[in-house]
Amino acid sequence: MQKLYIETYGCQMNVADSETVASILAEENYVVCQEMKEADLILVNTCSVRENAENKIYRRLEIFRQARRAKPELKIGVIGCMAERVQKDLIDNHGVNLVAGPDSYRKLPALVNELDFNENSIDTKLSIEETYSGICPTRLESNGISGFVSITRGCNNFCTYCIVPYTRGRERSRDPEDILLECGDLAKRGYKELTLLGQNVNSYIWEDKDSGQKTTFSSLMGLVAETVPEMRIRFTTSHPKDMSDDTLRIMASHENICKNIHLPVQSGSNKVLKSMNRKYTREDYMNRIEAIRTILPDCTIGTDIFCGFPAETPEDHAETLSLMKGVGFNSAFMFKYSERPGTYAAKNLPDDIPEEVKGKRLQEIIDLQIKLSLKSNQDDIGQVYEVLAEGLSKKSDQELFGRTSQNKVAVFPKLNYQAGDLVKVKIRDCTSATLKGDVV
Ligand code: SAH
Ligand code: SF4
Ligand code: F3S
């Protein structure tokens, strides 16, 4: 038995991939360990989406190198998006032994074995068809309640700022049979909630080779919801240009599909959206919001926003703020633009917004979002929600925390409940981040 220590950074896709990697290496007698110092092999699953994400990894690699000085037989591997982007430089300049891109995980056993007679090994070929069909992920460091199932890999959208299409390759959908098997496996293991994952889940499409029958994202969600009726279903990420009314109707007709949509807007300015190649306008986006409000009145909406894209004016920034107010997002991931080498923007659009202007704009976005989140939470006071308990609250062992279908965190007295229970909670109080309530 060899010991494998995995650290995972970046998006949920990486969390899901680390589980696939653990499963592939389990076949080679690798067991996952929780302590770095026990490891024979360290793998770090990496993210390239912003420069600071990569800097964090470079700092970790320094720590791993130090560990190897004390234990020379230790092997260090980089997998994921940064492996794909930075390639051999990780070996040449950062002390890495093994580099494997997101479509090379089936080759990991061979790459690891190669280290017995070679100082290093690398495979970063992208594939147009790899979906890791037939591999059942080993569930890692999960709470045993909420699991991920990836339904697409890659991205074809080429937003001008984004590295993902280069690190993850072309978009491909997984066989619905594989997806349903994985969902069923989670249910069998006692999981209560699953999240369907893809860079743009709405463009999921599968054509059955024999019957020619097509499965779309909406039909897939219907299938999943009916295959595991006792589980909660979530999905991320939705692209506004592909978010259909069909999907909203499927959500409305299945109680176990959670009423929360993550719909990244990025900017409120049509000029900036066009230059980002997002393929929708502010008006198109607001039309989707209207559709959500009409078809799913109790649905919350989250988003991603970043400021300081090339040529963003104070007026463009003001339009982002006004769109945020107009929608009333209940949550948002907020960033400053970070130029990524190789993207269209890096080649053609000068990164011309000064760092302090980016910082000031980001702070305004964050301050506004805190107000919007607080308002959205205050509107819930007095209402009763079903909360899926996930564990003890950070502040008190007499309280549990969990999430509502709307993906809001709620804290309530533990009583005789435990993680995994669905509990009806009446909201009494809130902050911008948390609902507080009593069991009813
Ligand atoms: N596929 C998803 C998200 C991918 S990355 C989507 O299409 O929305 C997650 C978020 O990171 C993006 O939504 C965007 O807000 C942000 N992001 C991506 N590239 C970035 C960059 N170069 N600089 C700053 N933020 C970026
Ligand atoms: Fe990146 Fe755009 Fe694809 Fe999202 S849709 S992963 S932002 S290129
Ligand atoms: Fe990062 Fe790759 Fe995900 S760049 S956000 S880990 S797809």
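Atoms within each ligand, like the ligands themselves, are counted from 1 in listed order. What you see is a predicted model; the values in this text were computed from it and never measured.
Nearest to atom 7 (S) of ligand 2 among the protein's heavy atoms is Tyr161 OH, 3.4 Å. Nearest protein heavy-atom neighbour of atom 7 (S) of ligand 3: Gln199 NE2, 3.2 Å. In terms of protein heavy-atom proximity, atom 2 (Fe) of ligand 3 is nearest to Cys81 SG, 2.2 Å. Considering only non-hydrogen protein atoms, atom 21 (C) of ligand 1 sits nearest to Ser338 O, 3.6 Å. Among all protein heavy atoms, the one lying closest to atom 3 (C) of ligand 1 is Gln199 OE1, 3.9 Å. The nearest heavy-atom contact from the protein to atom 1 (Fe) of ligand 3 is Cys47 SG, 2.4 Å. Looking at atom 9 (C) of ligand 1, its nearest protein heavy atom turns out to be Asp304 OD2, 3.7 Å. The protein non-hydrogen atom at the shortest distance from atom 3 (Fe) of ligand 3 is Cys11 SG, 2.3 Å. Counting only heavy atoms of the protein, atom 24 (C) of ligand 1 lies nearest to Lys336 O, 3.3 Å.
In terms of heavy-atom proximity, Asn157 sits nearest to Lys279 at O-NZ, 3.0 Å.
Looking at Gln266, Arg50, Met13, Glu51 and measuring to atom 11 (O) of ligand 1, the nearest heavy atom belongs to Arg50. Checking Ser48, Cys162, Gly154 against atom 4 (S) of ligand 3, the nearest heavy atom belongs to Ser48.
Residue contact check for ligand 1: Asn200 places no non-hydrogen atom closer than 4.0 Å to it. Within the 4.0 Å heavy-atom shell around ligand 2 one finds Arg278. Assignment of Glu339 to the shell around ligand 1 is not supported, since no heavy atom sits closer than 4.0 Å. Ligand 1 lies nowhere less than 4.0 angstrom from a heavy atom belonging to Arg168.
In summary, the atoms of ligand 1 found under 4.0 Å from a heavy atom of Arg340, numbered by their order in the structure, are 22 (N). Less than 4.0 angstrom separates some heavy atom of Pro264 from each of these atoms of ligand 1: 8 (O). Within ligand 3, counting atoms from 1 as listed, the ones closer than 4.0 Å to a heavy atom of Asn14 are 6 (S). Close approach of ligand 1 to Val49 is summarised as follows: ligand atoms under 4.0 Å from at least one heavy atom of the residue are 5 (S), 18 (C), 19 (N), 20 (C), 21 (C), 22 (N). Atom numbering of ligand 1 starts at 1 in the shown order; those under 4.0 Å from a heavy atom of Arg278 are 7 (O). Shown in contact with Tyr337 at under 4.0 Å from a heavy atom are these atoms of ligand 1, numbered in order with element: 23 (N), 24 (C). Contact atoms of ligand 1 toward Tyr161: 18 (C), 19 (N), 20 (C), 22 (N) (distance under 4.0 Å to a heavy atom of the residue).
Between the side chains of Thr167 and Glu84, no donor-acceptor pair of N or O atoms lies under 3.5 Å. A donor-acceptor pair shorter than 3.5 Å can be found between the side chains of Asp316 and Thr313. Between Ser23 and Thr20, the side chains place no donor N or O within less than 3.5 Å of an acceptor N or O (distance only, hydrogens not considered). Inspection of the Gln12 and Thr195 side chains reveals no N or O donor paired with an N or O acceptor under 3.5 Å. Of the N and O atoms on the side chains of Glu283 and Asn270, at least one donor lies less than 3.5 Å from an acceptor on the other residue.
In this structure, the side chains of Asn260 and Arg234 come closer than 4.5 Å at one or more pairs of heavy atoms. Residues Lys241 and Asn200 have side chains in contact (heavy-atom distance under 4.5 Å, counting atoms from C-beta outward).
At a heavy-atom distance under 4.0 Å, no atom of Met13 approaches ligand 3.
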Apply side-chain contact (heavy atoms from CB on, under 4.5 Å) to the pair Lys408 and Tyr385, showing each step before the final yes or no.
CA-CA 10 Å; Lys408 292 188 182 182; Tyr385 290 96; over 6 Å; no
Step by step, work out the side-chain hydrogen bond (donor to acceptor under 3.5 Å, both in side chains) result for Glu226 and His254.
CA-CA 8 Å; Glu226 282 147 31; His254 292 82; 2.7 Å; yes
Take Arg282 and Ser322 through the side-chain hydrogen bond (donor to acceptor under 3.5 Å, both in side chains) test and state the conclusion after the steps.
CA-CA 11 Å; Arg282 178 187 176 105; Ser322 84; 2.7 Å; yes
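Note: no N/O pair closer than 3.5 Å links Thr237 and ligand 1 by distance alone.
Taking NZ of Lys3 as the reference point, atom CE of Met36 lies at 15.0 Å (rounded to 0.5 Å).
With respect to the salt-bridge test (charged N to carboxylate O, under 4.0 angstrom), the residues Arg153 and Glu130 do not qualify. Salt bridge annotation for Glu7-Lys56: absent, with no cationic side-chain nitrogen under 4.0 angstrom from a carboxylate oxygen. Ionic pairing of Glu54 and Arg85 is present here: one or more N-O contacts between side-chain nitrogen and carboxylate oxygen are shorter than 4.0 angstrom.
Proximity of the aromatic rings of Tyr105 and Tyr132 is defined here by a centroid distance below 6.0 angstrom, and this criterion is met. The aromatic ring centres of Tyr5 and Tyr30 sit 6.0 Å or more apart.
For atom 3 (Fe) of ligand 2, protein N/O/S neighbours under 2.8 Å (waters excluded) are Cys155 SG.
By the 6.0 Å contact criterion, CD on Glu119 is open, its count of non-hydrogen atoms from other residues, nucleotides or ligands being 12 or less.
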